[in-house]
Amino acid sequence: MSAPVLAAYSYCEAVTGQQARNFAYGIRLLPTPKRRAMSALYAFSRRVDDIGDGALAPDVKKTRLDETRSLLGRIHDGSVEEDDTDPVAVALSHAALHFPIPLGGLDELIDGVLMDVRGESYETWEDLKVYCRCVAGAIGRLSLGVFGTEPGAPNAERAPEYADTLGLALQLTNILRDVREDALEGRTYLPADDLAKFGCSAGFARPEPPAGSDFAGLVHFEVRRARALFAEGYRLLPLLDRRSGACVAAMAGIYRRLLDRIEREPEAVLRGRVSLPGREKAYVAVRGLSGLDARHVARQAVRRRT
């Protein structure tokens, strides 16, 4: 590996280590080539997200996203040179040469962030799924390009579907965790028909539930939906090699524990960001490396077949 490419990867790993709250706990379990490739994917995705979440005017955000899409086109075409001044482009270009990464997923991510820039809201779960597939399901499929599947794994052709579904589970957990923070930014992600069903259409601009609402009922309803998505998405684990499976199990396990906390105390999400302490994240990572989650999923699959 040339010095410019190595430096580009080092930059992406630094970005990941500094900014990825949960993601970094998983990818540190990967062998070096895969860890570097995942860091390049994260750094590019982080750039897209930062544009969408920043304080720029909507028209400026759209221009920046168009420029980022053009850069992605150069990466896809293989026209980024190793001495390019953009380290993220250099690292992602190198990763795409060595792993079958479906770079179109990053186009989907940009599409999803454009939905945020336009301030879109969602009437139904089917509507919200479109957004979640862009900003999270696509990341699952991109990551699968780095992980690959185990040779001869049964149902390996369904791995992209499972990776996509696991991304939806993570994103719905994010939406529940950030419901108050998003409301303060003028964003509402939970489906309007769900909000109406539980008397929460007034939104979450205050640190307590809307008057007369069944906020706990809303949260528990969405938690059940997320758990069903996790159950389906976890079928990916037995299809991966040990360390890739550990990476996925660590990241997904952290979010499942967040979901547990949200379920136990729904109103906590209105008072601030619910998170896990570092020691608990480390425990989840060790559990993932042990293969416990993957073996559990495999046993469930055997029981279903019998």
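Excluded from the calculations below are hydrogen atoms, water molecules and symmetry mates; all remaining heavy atoms, backbone and side chain alike, are included.
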*Asks:* Indicate whether any N or O donor in one side chain lies under 3.5 Å from an N or O acceptor in the other, for Glu232 and Thr165.
*Replies:*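 Distance-only check fails for Glu232 and Thr165.
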*Asks:* How long is the gap from CG on Leu172 to CZ on Phe230, to the nearest 0.5 Å?
*Replies:*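 It comes to 8.5 Å.
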*Asks:* What distance do Glu13 atom CD and Met38 atom CE have between them, rounded to the nearest 0.5 Å?
*Replies:*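 The distance works out to 12.0 Å.
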*Asks:* Compute whether any side-chain donor of one residue and acceptor of the other, for Arg158 and Asn155, lie under 3.5 angstrom apart.
*Replies:*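 The answer is no; no qualifying pair exists.
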*Asks:* Given the side-chain rings of Phe198 and Phe221, with only the six-membered ring counted for Trp, is the space between their centroids under 6.0 Å?
*Replies:*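 Centroid separation for Phe198 and Phe221: below 6.0 Å.
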*Asks:* What I want to check is whether the side chains of Thr63 and Asp66 have a donor and an acceptor closer together than 3.5 Å.
*Replies:*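 Note: Thr63 and Asp66 side chains miss the donor-acceptor criterion.
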*Asks:* Would a 4.5 Å heavy-atom cut-off, applied to side chains only, mark Ile27 and Tyr42 as touching?
*Replies:*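 SC-SC contact between Ile27 and Tyr42 ruled out.
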*Asks:* Between Val146 and Ser143, does a side chain to side chain contact (heavy atoms under 4.5 Å, CB included) hold up when you go through it step by step?
*Replies:* CA-CA 5 Å; Val146 175; Ser143 301; 5.7 Å; no
*Asks:* Suppose we screen for side chain to side chain contact (heavy atoms under 4.5 Å, CB included). Which residues come up paired with Thr68, at least two apart in sequence or across chains?
*Replies:*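 Side chain to side chain contact (heavy atoms under 4.5 Å, CB included) list for Thr68, sorted by chain: Phe44, Val48, Ile51, Ile110.
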*Asks:* Check side chain to side chain contact (heavy atoms under 4.5 Å, CB included) between Val130 and all other residues, then give those that pass, not counting sequence neighbours.
*Replies:*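 Side chain to side chain contact (heavy atoms under 4.5 Å, CB included) check on Val130 returns Met115.
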*Asks:* Please examine the side chains of Pro207 and Arg180, heavy atoms only from C-beta on, and report whether any two atoms are closer than 4.5 Å.
*Replies:*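 Side chain of Arg180 against side chain of Pro207, heavy atoms only: contact under 4.5 Å found.
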*Asks:* Name all pairs fulfilling the ring pair (Phe, Tyr, Trp, His ring centres under 6.0 Å) condition that reach into residues 153-196, sequence neighbours left out, sorted by first residue then second.
*Replies:*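 Qualifying pairs: Tyr131-Tyr189.
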